[in-house]
Structure formats: structure tokens, C-alpha cells
Student: 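This is the structure, below, for whatever I ask next.
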Amino acid sequence: MFNPNNIPTVSVSEAQQRLEQADGSTGPLLIDVREPREIEAVRAEGIVAMPLSTFLLRYRELPTDRPLLMICESGNRSGQATAFLLANGWTDVANVAGGTVAWVRAGFPEQRGPLGPGEGELGS
């Protein structure tokens with residue numbers, strides 16, 4: 001049985017390294033489950049925006065054949081989304097520990113302001 005308290009977790013350093021080394025079509029996707037106003041304030045570069053408020057309506061859009069790295073502000077909401085996906089058939093999903101706060105603190109590439117055309121969309 002799946003234990004939601006034992007979800008796979010990666011550090012922001014490991015997430016950044018995996019994203020940097022990725023092959024565009026098969027590499028990991030960084031899924032940000034924060035709400036739009038939070039994403040506009042600051043976000044990791046290259047995120048796919050899928051706010052938790054619409055996650056249950058949209059999660060089936062996520063590929064099952066690519067690694068998914070889930071991120072939010074601190075790791076709590078993305079941990080819930082990670083547990084949900086693992087319980088619903090996804091196998092290569094990990095929560096990014098510390099979330100966007102840790103990402104920005106580590107000095108990794110970030111964006112601020114409204115999303116540009118296509119930014120944050122699945123497949124962009």
C-alpha cells in the first residue's frame with residue numbers, strides 16, 4: 001500500500017541538476033502547483049504551471065513517461081500533489097524539498113512577473 005508520508009524527495013540542487021542535464025523531450029518536467037499570483041511573484045525558470053486549485057481537473061494532462069518534479073512555495077502542497085500522482089499510477093514523481101523558497105535562496109534561474117506567451121504551459 002502507498003504511504004503518503006514516504007514520498008520521493010529531491011533537493012533543489014538535485015532538481016536543478018536533473019533539469020540542466022535533461023534531453024528536452026524525455027527529461028523531467030518541473031510542475032509548479034502554486035496559484036497564479038504566487039507564480040507571477042517568483043518562479044523557477046522553465047516551470048509548468050498547474051495550480052493545486054485546478055490540479056484534480058488537469059492532472060491527467062501530465063505525461064506518465066517523463067520524470068515529474070513537483071514544486072510549490074515550501075514543499076507542502078507539492079508533496080500532496082506528488083503523493084496523489086503516485087497513488088494514481090505515476091511512477092517517476094518526486095517532491096522538490098524546500099520548494100521555490102529554497103530554489104531562489106540557492107540562486108538558481110528564476111523568473112518574475114506575468115508569464116510570457118507559452119510560458120508555464122505543458123509542452124512549451
Student: Where is the tightest heavy-atom contact between P28 and R66, given as atom of each residue plus distance?
Tutor: O-NH2, 4.1 Å
Student: Quick one: do N95 and S78 satisfy side chain to side chain donor-acceptor pair (under 3.5 Å)? Show the steps, please.
Tutor: CA-CA 6 Å; N95 188 34; S78 54; 2.5 Å; yes
Student: Start with the C-alpha distance between E121 and V48, add both sets of side-chain angles, then the distance that settles side-chain contact (heavy atoms from CB on, under 4.5 Å), and finish with yes or no.
Tutor: CA-CA 5 Å; E121 295 177 9; V48 172; over 6 Å; no
Student: Is the shortest side-chain heavy-atom distance between L62 and L85 below 4.5 Å?
Tutor: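 Result yes, sub-4.5 Å side-chain heavy-atom pair found.
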Student: For a quick test of reading the model, state the closest non-hydrogen atom pair linking L115 to G120 and the distance between them.
Tutor: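 Answer, listing the atom of L115 first, then G120: CD2-CA, 3.8 Å.
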Student: When Ile, Leu, Val, Met, Phe, Trp and Tyr are grouped by side-chain heavy atoms lying under 4.5 Å apart, directly or through other members, which residues fall in the same group as V104?
Tutor: V42
Student: I need the minimum non-hydrogen distance between P63 and L68, along with the two atoms involved.
Tutor: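 Reported closest heavy-atom pair: O-CD1, 4.0 Å.
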Student: Is any side-chain heavy atom of M70 closer than 4.5 Å to a side-chain heavy atom of V96?
Tutor: no
Student: Could you check whether any side-chain N or O of S11 sits under 3.5 Å from a backbone N or O of E14, counting only pairs where one atom can act as donor and the other as acceptor?
Tutor: yes
Student: Which heavy-atom pair separates P109 from W103 by the least distance, and what is that distance?
Tutor: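 Shortest heavy-atom contact: O-NE1, 2.8 Å.
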Student: Measure across P67 and R18 and return the closest heavy-atom pair with its distance rounded to 0.1 Å.
Tutor: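 Scanning both residues, the minimum pair turns out to be CB-NH2, 3.6 Å.
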Student: Could you tell me if the ring centre of Y59 sits under 6.0 Å from that of W90?
Tutor: yes
Student: With a 4.5 Å limit on heavy-atom distance, are the side chains of S53 and E35 in contact?
Tutor: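 A side-chain contact under 4.5 Å exists here.
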Student: Among residues at least two apart in sequence or on other chains, which ones pass side chain to side chain contact (heavy atoms under 4.5 Å, CB included) with E20?
Tutor: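 Side chain to side chain contact (heavy atoms under 4.5 Å, CB included) list for E20, sorted by chain: Q16.
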Student: What pair of heavy atoms forms the shortest contact from A94 to V10, and how long is it?
Tutor: CB-CG1, 4.0 Å
Student: Would you say E119 and Q111 make side-chain contact, with heavy atoms under 4.5 Å?
Tutor: yes
Student: With the threshold set at 4.0 Å, does a side-chain nitrogen-carboxylate oxygen contact exist between E40 and R37?
Tutor: no
Student: Strictly below 4.0 Å, N to O, side chains only: are E38 and R77 in salt-bridge contact?
Tutor: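 Here E38 pairs with R77 in a salt bridge, since their nearest N and O are under 4.0 Å apart.
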Student: Working note: L29 + L19, criterion side-chain contact (heavy atoms from CB on, under 4.5 Å); need CA distance, chi angles, decisive distance, verdict.
Tutor: CA-CA 8 Å; L29 293 172; L19 291 163; over 6 Å; no
Student: When you compare the side chain of E110 with that of E45, does any pair of heavy atoms fall below 4.5 Å?
Tutor: no
Student: Taking atom CZ of R105 and atom OG1 of T100, what is their separation to the nearest 0.5 Å?
Tutor: 11.5 Å
Student: Got a second to check how far D32's CG is from L52's CG, nearest 0.5 Å?
Tutor: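 Reported to 0.5 Å precision, the distance equals 10.5 Å.
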Student: Kindly say whether G113 contributes a backbone atom to a donor-acceptor pair with the side chain of R43 at under 3.5 angstrom?
Tutor: yes
Student: Using the test side chain to side chain contact (heavy atoms under 4.5 Å, CB included), find all partners of S74 that sit at least two apart in sequence or belong to another chain.
Tutor: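 So S74 forms a side chain to side chain contact (heavy atoms under 4.5 Å, CB included) with N76.
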